[in-house]
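Basis for what follows: all heavy atoms, side chains included, without hydrogens, waters or symmetry-related copies.
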Number of protein chains: 2
Amino acid sequence: MEAATNRISKFGIQNLTIKTLAEDIGLSEPALYRHFKSKNEILLNLLEYFQTEMKSRIQSIPFEPSATEGDKLRKIFHSQLQTFSDKPAIVSVIFAESIFHYDDRLSKKVSEIINMMQEFVNANVDTGQKNGTYKKLIGASTITTIIVGAMRMAVLKWKLSGHKSNLVKDGKTVLNGILKMIENK
Amino acid sequence: MEAATNRISKFGIQNLTIKTLAEDIGLSEPALYRHFKSKNEILLNLLEYFQTEMKSRIQSIPFEPSATEGDKLRKIFHSQLQTFSDKPAIVSVIFAESIFHYDDRLSKKVSEIINMMQEFVNANVDTGQKNGTYKKLIGASTITTIIVGAMRMAVLKWKLSGHKSNLVKDGKTVLNGILKMIENK
DNA sequence: TATCTTTGTGAGTGAATACTAACTAATGGT
DNA sequence: ACCATTAGTTAGTATTCACTCACAAAGATA
């Protein structure tokens with residue numbers, strides 16, 4: 001999983017082949033097939049590896065007792081963007097719906113990961129609206145779409161800049177913009 | 001261009017090969033090479049074809065004299081989402097940065113198209129903020145990122161639903177949500 | 001009619017790439 | 001020490017795909 005991550009981070013997902021992966025690990029191609037029954041199986045494992053990492057990382061973020069829902073959201077996305085910045089492979093794989101379109105299990109897994117992220121945000125927005133820190137002008141699910149969409153857009157811009165722009169900083173600006181509009185103060 | 005569009009709409013971009021395309025047109029493979037020097041050349045032409053269509057369609061949308069900036073934005077996105085809904089191929093190609101990553105000219109063209117859309121939105125937000133129909137709480141470029149990102153998210157959800165959900169309706173809900181937050185009334 | 005240009009074809013090449021067959025070396029339990 | 005299981009190797013196969021070669025028909029022009 002780590003070799004695959006590094007290969008993708010450096011040369012893109014198109015360059016992850018059984019051959020390059022085996023070389024990176026220092027094994028022959030058939031050796032990989034002792035452990036995975038197909039390349040898709042490897043990709044599926046990789047997605048699960050990222051999903052598990054993301055879930056446990058986000059769930060173990062410590063919040064101060066005084067933290068508002070907005071503060072929590074800021075912390076969650078800060079951690080998320082910092083991780084993307086460090087390991088661009090995650091983005092290459094998670095944002096690759098168009099590549100995985102041909103395989104049912106892979107595209108379902110990608111949807112699952114996107115949904116997971118959405119649920120974190122949706123729960124946050126819901127709580128915030130209920131305890132009065134967020135405005136109730138718009139439904140929680142719409143706000144969730146806006147937040148997740150805007151953050152993905154920030155990531156896309158970073159990708160298109162060739163990872164040159166500052167993802168953490170730009171993402172923060174966007175999130176703060178949204179929070180400025182929905183937070184009661 | 002039309003054959004390619006239909007092929008992609010029906011079977012996805014992975015299924016657009018010189019062979020399938022030649023078959024659809026009713027020509028042999030070498031015949032295609034009389035007109036395009038490579039497959040990437042075809043894809044580049046396709047992107048340009050979509051770009052031209054988008055630009056002229058958006059620029060010729062009629063606005064009532066009484067239309068606010070919000071009304072204009074609603075009309076622009078309505079037209080855009082309706083077009084995507086009718087020809088899913090456009091989305092497959094324009095949202096395929098991850099696939100075109102390997103080719104400089106293709107990925108530049110995709111960036112160009114995304115930038116074009118952003119400029120339409122940015123100009124709208126800018127005007128709206130200057131003439132007081134939009135709030136000035138957040139910078140125009142941040143609002144633009146939020147709007148374009150949220151709309152792309154709506155499109156992504158539609159794609160992941162297998163084009164089953166109602167893109168025009170769901171996109172409208174999201175846009176109205178954002179406008180509710182930024183419009184002065 | 002003669003000839004040049006454009007547009008087409010059948011048959012094939014070369015490279016990439018996922019995957020396999022047949023065999024071998026290492027490991028660990030009894 | 002024996003042997004079953006696990007993990008590895010070399011040398012392939014099969015397929016897909018973009019692209020090319022040598023040649024032919026059709027169209028335009030003189």
* Out of dT7(C), dT9(D), dA11(C), whichever nucleotide has its closest atom nearest the side chain of His35(B) ->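 Output: dT7(C).
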
* To do: Look at atom CD of Glu64(A) and say whether more than 12 heavy atoms of other residues, nucleotides or ligands are closer to it than 6.0 Å.
  =>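 Atom CD in Glu64(A) is not packed in, count stays at 12 or less.
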
* **Glu2(A), CD: over 12 other non-hydrogen atoms inside 6.0 angstrom** => no

Gap between atoms [atom1] and [atom2], on [X] and [N] respectively (whole Å):
{"X": "Glu29(B)", "N": "dA18(D)", "atom1": "CD", "atom2": "P", "answer": "8 Å"}
{"X": "Leu32(B)", "N": "dG8(C)", "atom1": "CG", "atom2": "P", "answer": "9 Å"}
{"X": "Arg34(A)", "N": "dA22(C)", "atom1": "CZ", "atom2": "C1'", "answer": "11 Å"}

* Asked: Does anything in residues 36-47 of chain A reach DNA chain D, meaning a heavy atom under 4.0 Å, and if so which residues?
  ->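 Close to the strand, none.
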
* Using heavy atoms and a sub-4.0 Å distance, could you list which residues of residues 1-22 of chain B are near DNA chain D? By number, please. =>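 Thr17(B), Ile18(B) - these, ordered by number, are the residues of the stretch whose heavy atoms sit under 4.0 Å from the strand.
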
* To do: Could you go through the side chain to side chain donor-acceptor pair (under 3.5 Å) check for Thr145(A) and Lys157(B) one step at a time?
  => CA-CA 9 Å; Thr145(A) 302; Lys157(B) 281 184 171 181; 2.9 Å; yes

Check this for me: does any side-chain nitrogen of one of [X] and [Y] sit under 4.0 Å from a carboxylate oxygen of the other?
{"X": "Glu119(B)", "Y": "Lys55(B)", "value": "no"}
{"X": "Glu97(A)", "Y": "Arg152(A)", "value": "yes"}
{"X": "Lys75(A)", "Y": "Asp71(A)", "value": "no"}
{"X": "Lys109(A)", "Y": "Glu48(A)", "value": "yes"}

* **Worked verdict on Glu183(A) versus Lys135(A) for salt bridge (Lys or Arg N to Asp or Glu O under 4.0 Å)** => CA-CA 6 Å; Glu183(A) 276 184 317; Lys135(A) 296 175 187 162; over 6 Å; no

* Asked: Between Thr133(B) and Asn131(B), what is the shortest heavy-atom contact and its length?
  -> OG1-OD1, 2.9 Å

* Stems formed with participation of DNA chain C [Watson-Crick or G-U wobble, under 3.5 Å, three or more pairs] ->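 Looking at DNA chain C, the stems formed by three or more consecutive pairs are C:1-30 with D:1-30.
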
* Structure fact -> Ranking Gly26(B) and Tyr33(A) by the position along DNA chain C of their nearest nucleotide, the one closer to 5' is Gly26(B)

* **Any donor-acceptor N or O pair under 3.5 Å, side chains Asp126(B), Tyr134(B)** =>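 Judged by distance alone, the side chains do not pair up.
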
* Check whether the side chains of Asn15(B) and Tyr102(A) place a donor and an acceptor atom closer than 3.5 Å, and report yes or no. =>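 The criterion, which ignores hydrogens and geometry beyond distance, is not satisfied for Tyr102(A) and Asn15(B).
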
